[in-house]
*Asks:* 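Dropping a structure here in C-alpha cells format, bear with me for questions.
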Amino acid sequence: SVFEVALSVLPVALRAMAGRVGAVLVFLLATWLLEPSVAAPSAAVSAAVSASRDLQLELDTNSGDFHIFFGGQAWLVGSEYRVGTLSSLDGSLVLTKSEATLGSDALGSYLATTLHWSARGALGTVLMGTTFREYSDDPGLIVFEQSFPSEVDLKSLNAGSGLAAGTLFPSFLRNSPGTFDLPCFSYHGVFAALKACTLNSYAGSEQGGTPLVVYNASDTSLPMLVLSQLNNPMAQQMADASSFIGAGVKSTVESIPAGWSQLFVISAGTGINDGMMAWGDRMLRYSGKPRVDNRYKDDVHGAIGFWTDNGGYYHYSIGNNKSLGSNYEEVLVKVKEYHDSIGVPFKHWQFDSWFYPKDGPVSHGGGGGAVTNWTALTSVFPHGMAYIQSKLKVPMVMHNRQWATRSDYIKQWTDIEWYVSEKAAVPKDPVKFFERFFTQQDGWGLAMYEQDWMVSEYQEVQALQTNISLGDLWLFGMAAGADGSGRTVQYCMPLPGQILAAAALPAVTNARASDDYFHGKDQWAIGGTALFHWALNILPFKDGFYSSAYRQVGGQTEGPEPNPDREALMATLSCAMVGPMDGIYLLNISRIMATCRKDGMILKPDRPATPTDACFRAKDPGCQVYHTFSDVRGWGRVHYYFNNDGSAPLKAEEVYQSPADDYVVHNWYTGELSRLLASNPLTPGYEGHTYAVVVPVREGWALLGEAG
C-alpha cells in the first residue's frame, strides 16, 4: 500500500521518532511548510455554523427606550436619539408616532417597528424615522434603520454638536443597572488594526471603531455580538461620549437627501471566530456578494509572486550593480532570468508606485505626490508597459494612489467632471470614469489593480467627507470598472469603513492587513485583522518580505530580516499572496519553496490564521497565538498552531481539541512528535516562536503530509 511504501522510505531517525509516540505510526509524505492541503475543502466556502443564541428586543414605543437581551441577559440598553444637536434626552427631538409593519429583505421576513421623530418646534414634520427590524427566521439578528422623508440640512443642525456622527441611532449606554462592563474589540486606522476595549473604554475613530465586537469572556462558549454598518458604510460613523456609544450619519456630511436610508446591524454568535463568520455571512447575504473561494482564483491569488513594494529591494531602487543595467527595464529582465535559472517559479509580479508619474516627490516610505497619468515613466520603462510585459510574461499586480488635481484625466477627459481639493481629486461619476480607465491597459498583463493610499484619497478630497453617497460610489465605480475588464482589486491603506464597503464588491478579493514591510511594529502579526477580512470573503494580505536573513546591500531597504521563517509562515497561513521582495542573487530558495509546490502553487490552509478563541477567554484579543486548519478528505481536521512566545506550551483548547481526542503534535522545527495533552511543551525554532501541526489519529495511524 502507499502507507507501507511511505514507511519504508522514512529516514531511520524519523522511524525511531515515530516509534516513541507509542502505538501511533506517523507518515511524513511531504516536508512542506504547510503539510495538508491544496484540495478545495468545503469548509473554506461553506457558511459558518454558529450556534447563535437568540436576541430579544424590549422596546417602549411611547418613549423609545429599549433593551437588547442575549441569552436571557441584558447586554445593551438604548440611549438617546439625535439629529444634529436635537436630542430625545432634552426633549428637542420628540417622538410623535410609532407603527408596526411586516416586510422582507435579503435577510428574510421581518417585523418592523418604526418610531417617527420631529423637532420640538415642528411636530407636524417627520425629521427622522428609526426602525427596529426583527427577523422571524434569524433571531440572532436585529437591524436598525435611520430614514429621512425630507432633506435635512445637517450642517446647520449639527453646528456645535461635537460628536463624530451627525445623527444617532442606535446608541447604547456605557453603564446601566442590570448590565456589566463587557470586554470588546474593534477596528481602527489604516489597515484596520484590532484594538481591545471594554464598553466603558471604547472610543471610535475616523471611519473606524467598527465592527465593534462585544463578548462575555466569563462564559467559555464566548457568546458575542458584532455591531456594524450594514449598508452605505462610508456614509456612517461611530460616535461616543462619556455616557454612550452609537452610530449615525457622519458629522462631516452637509446634507441628507430626501428618501435617504441607512442600516446598522447587531449580529449574535457563539465563539469569536465562528461568531465573526456568522456576522460576515449575514453581511454578504444582505449585499448579495457570494462567499466564494478566492484562494486559488488565478496565479496572482494562488501562486508565489515577486513583489517590489515599500520595504523591498526594488522599491524606488534598482540596486548598485551597474552591470545589470541603468533602468528598471534592463534590470528587471535580468532579475526574471535569475529567478528562472534557480528554479523559483514566480507566477506573477507586482509593480509598485515607482513606475508612473506623480505631481510631487516621494518620500522614503512611499508617500508624496499624487498620480498624474497611470502609465510608465520613460525613465523607468523606455519602451513602455507592453514591452516589459513581453519580457516578464506573467500576470501583473499594479499599484496606484490618489488622483492628482492636475492629472491628465482631468485635462483630457473633459466629459467627466471632478471634485478637486487642494491635494487630490475624485471623479464625480466614478462608474463612468473607471469603466473608461480600465480600457487603457492593453498589453500590460494587468490582472489585479492595487488601490493604495485609500486613507489619503478619503482625507484629502473634501467631497468624500461632505457628500453622503460619494464615498461608497467611489469604491463601487472602481470595483465595477475592474470587474468589467476581468480584473480584481486589492485595497491598500484602507480604513475600516472601506473594508466594510467591500462586503458588497466581489471584485475586491483581498486587502492589505498590515503596515508596510519594515515600517511597522509587529508588521507580520495580521491575525486580528484577518478575523475581519475573512468574515467578508476578503483575503488578508501580509505584504511582501525578505526571504533571506542576509543584508540586502543596494536595495531601498537593506535589512537584514531577523525572522524570515516567521515572515514566510505568516504569508502562507494568510491564505493570500506570498510575495518575496529580495534583490537579485539574494533569494533564499529553500525557504520560498517551502511555501509552495514545485509549480509555485502555495500550500494554503482552509482559512487564514487568526487568534484562537482561547485568547478571548483570557481577555487578550491582541495575543499572538494563531490557529487555522485544513480538512483533509478521508482523514479529518488538521490544525496549524503558531505562538510568537516560544516559551509557552501549546494548549489543547488553543486548537479546539481536548486531551481525550486522539491527536498527535508535530513540532515543525524539531520534528518531535507527541500525543496531544492538555498542555504540550514545544521547543521553539531559532527565531524564538513555535509552529506545530496537530494531526488526528485514525485506527492507529497519523498522516503528516498531502493525502492525495
Side-chain angles (χ1 to χ4, degrees), residues 43-48 186-194 207-208 210-211 213 226 228-231 233-234 267 273 275-298 300-302 397 447-452 454-455 472 475-476 478-480 482-483 487-515 526-543 570-579 602 604-611 628:
V45 297
S46 64
S186 57
Y187 291 88
H188 299 264
V190 180
F191 303 114
L194 181 153
Q207 283 290 295
T210 179
V213 181
V226 186
S228 77
Q229 300 96 312
L230 183 58
N231 72 347
M234 295 295 291
S267 170
N273 280 269
M276 287 295 288
M277 290 300 289
W279 164 75
D281 286 344
R282 288 162 174 148
M283 294 284 291
L284 298 179
R285 190 161 73 246
Y286 183 81
S287 74
K289 178 179 178 178
R291 185 177 292 283
V292 296
D293 188 355
N294 286 322
R295 294 172 306 148
Y296 298 105
K297 181 178 178 67
D298 54 29
V300 174
H301 294 78
V397 181
M448 181 183 292
Y449 174 76
E450 178 189 353
Q451 182 61 65
D452 199 356
M454 297 182 71
V455 62
D472 291 296
L475 301 178
F476 174 81
M478 183 195 307
D483 190 54
R487 291 152 177 149
T488 56
V489 176
Q490 178 189 97
Y491 283 177
C492 190
M493 296 181 68
L495 294 166
Q498 293 164 335
I499 295 295
L500 286 168
L505 306 174
V508 183
T509 58
N510 69 104
R512 273 276 297 280
S514 69
D515 199 351
I526 66 170
T529 302
L531 265 176
F532 179 16
H533 287 190
W534 181 247
L536 300 180
N537 203 52
I538 298 169
L539 298 173
F541 179 47
K542 192 212 73 68
D543 198 14
M570 289 297 104
T572 305
L573 296 181
S574 75
C575 285
M577 289 72 71
V578 173
I602 303 167
K604 301 184 180 187
D606 287 4
R607 55 164 289 155
T610 57
T628 184

*Asks:* Within the 4.5 Å heavy-atom criterion, are M570 and I526 side-chain neighbours or not?
*Replies:*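 No, every pair of side-chain atoms sits at 4.5 Å or beyond.
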*Asks:* Just checking, is any N or O donor in the side chain of R607 or T628 under 3.5 Å from an acceptor N or O on the other one?
*Replies:*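 No - no donor-acceptor pair under 3.5 Å links their side chains.
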*Asks:* Would you mind reporting whether W279 and L284 have side-chain heavy atoms less than 4.5 Å apart?
*Replies:*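 Not touching, per the 4.5 Å side-chain cut-off.
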*Asks:* Tell me whether R512 contacts the main-chain N or O of D515 through its side chain, where contact means a donor paired with an acceptor under 3.5 Å.
*Replies:*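 Yes: the side chain of R512 pairs with the backbone of D515.
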*Asks:* Name the atoms and distances for all side-chain donor-acceptor pairs under 3.5 Å in residues 488-509, with sequence neighbours left out.
*Replies:*
| unit_1 | atom_1 | unit_2 | atom_2 | d |
| --- | --- | --- | --- | --- |
| Q490 | NE2 | N510 | OD1 | 2.8 |
| Q498 | OE1 | L495 | N | 2.8 |
| Q498 | NE2 | M454 | O | 3.4 |
| T509 | OG1 | H301 | NE2 | 2.7 |

*Asks:* Are any of the side-chain heavy atoms of P211 and Y187 separated by less than 4.5 Å?
*Replies:*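 Answer yes - side chains close enough.
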*Asks:* If you draw a 6.0 Å radius around OH in Y286, do more than 12 non-hydrogen atoms from other residues or ligands fall strictly inside?
*Replies:*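 Result for OH/Y286: enclosed.
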*Asks:* Do D543 and S514 have a side chain donor and acceptor closer than 3.5 Å?
*Replies:*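 No, S514 and D543 have no side-chain donor paired with an acceptor closer than 3.5 Å.
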*Asks:* What is the distance from atom CZ of F541 to atom CE of M448, rounded to the nearest 0.5 Å?
*Replies:*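 F541 CZ to M448 CE: 9.0 Å, rounded to 0.5 Å.
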*Asks:* Look only at the side chain of S186 and the backbone of T210, and say whether a donor-acceptor pair between them is shorter than 3.5 Å.
*Replies:*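 No; judged by distance alone, with no hydrogens or angles, the pair does not exist.
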*Asks:* Looking at L230, is its backbone amide N or carbonyl O close enough to the side chain of R282 to form a donor-acceptor pair, meaning the two atoms are under 3.5 Å apart?
*Replies:*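 Absent.
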*Asks:* Strictly distance-based, threshold 3.5 Å: is any side-chain N or O of K604 a donor or acceptor partner for the main-chain N or O of T572?
*Replies:*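 Answer holds: no.
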*Asks:* If I take atom CZ from residue F191 and atom CZ from residue F532, how far apart are they, to the nearest 0.5 angstrom?
*Replies:*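 Answer for the CZ-CZ pair, F191 versus F532, is 14.0 Å.
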*Asks:* How long is the span from the CG atom in D298 to the CZ atom in R487, to the nearest 0.5 Å?
*Replies:*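 Here the interatomic distance stands at 12.5 Å.
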*Asks:* May I ask you to test the H533-T529 pair for a side-chain heavy-atom distance under 4.5 Å?
*Replies:*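 Side-chain contact under 4.5 Å: yes.
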*Asks:* When rounded to the nearest 0.5 angstrom, what is the spacing between CZ in R295 and CE in M577?
*Replies:*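 Output value for this atom pair is 14.0 Å.
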*Asks:* Using every non-hydrogen atom in the two residues, find where V226 and M276 come nearest and quote the distance to one decimal.
*Replies:*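 Distance-wise, the nearest heavy atoms are CG2-SD, 4.1 Å.
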*Asks:* Is S574 close to L539 at the side-chain level, that is, under 4.5 Å between some pair of heavy atoms?
*Replies:*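 Contact flag for L539/S574 side chains = no.
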*Asks:* Testing the 3.5 Å rule here: is there a donor-acceptor pair between the side chains of W534 and T610?
*Replies:*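 No pair is found: no donor N or O on one side chain lies under 3.5 Å from an acceptor on the other.
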*Asks:* Quick check: closest heavy atoms across C575 and P608, and the distance to 0.1 Å?
*Replies:*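 Distance-wise, the nearest heavy atoms are SG-N, 3.6 Å.
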*Asks:* Find out whether P605 and L573 are in side-chain contact, i.e. whether some heavy atom of one side chain is under 4.5 Å from a heavy atom of the other.
*Replies:*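 P605 reaches L573 side chain to side chain.
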